[in-house]
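Below, all heavy atoms of this structure are taken into account, side chains as well, without hydrogens, waters or symmetry copies. Position 1 is the first residue of the sequence; numbering continues from there. As the structure is a computational prediction, the values presented were derived from the model and not from experiment.
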Amino acid sequence: MSILMSGVISFIIISYEEGFSNGFFMKFLGAWKFSFPFSFVVAQFVTPLVRKFTMLIVKTG
């Protein structure tokens with residue numbers, strides 16, 4: 001989940017800010033390498049909370 005999330009966000013931001021110019025792929029990989037550890041940590045903490053919240057909604061709904 002975090003690999004896909006960080007990859008998509010990095011791609012969108014780099015393509016918006018820089019466009020598809022020379023060196024786009026290397027800039028994209030650099031941004032992805034930087035963003036992946038953060039998205040991985042966030043996913044580890046957020047996913048269990050979202051599951052608990054979802055179960056509360058499903059049980060009461």
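In this structure, F28 is not a member of the same hydrophobic cluster as Y16, with clusters built from ILVMFWY side-chain heavy atoms closer than 4.5 Å.
For the atom pair CZ of F40 and CE of M1, the computed distance is 10.0 Å after rounding to the nearest 0.5 Å. To the nearest 0.5 Å, atom CZ of residue F34 and atom OG of residue S10 are 10.0 Å apart. Taking CD1 of I14 as the start and CD1 of I9 as the end, the distance is 12.0 Å to the nearest 0.5 Å.
The 12-atom threshold is not exceeded at CZ of F45, counting heavy atoms of other residues, nucleotides or ligands nearer than 6.0 Å.
Checking side-chain atoms of S6 against main-chain N and O of I3 turns up a donor-acceptor pair under 3.5 Å. Distance alone, capped at 3.5 Å, is enough to place a donor-acceptor pair between the S15 side chain and the I12 backbone.
Each of F24, W32, F25 was checked for a ring-ring contact (aromatic ring centres under 6.0 Å, His included) with F11, and the lone residue meeting it is F24.
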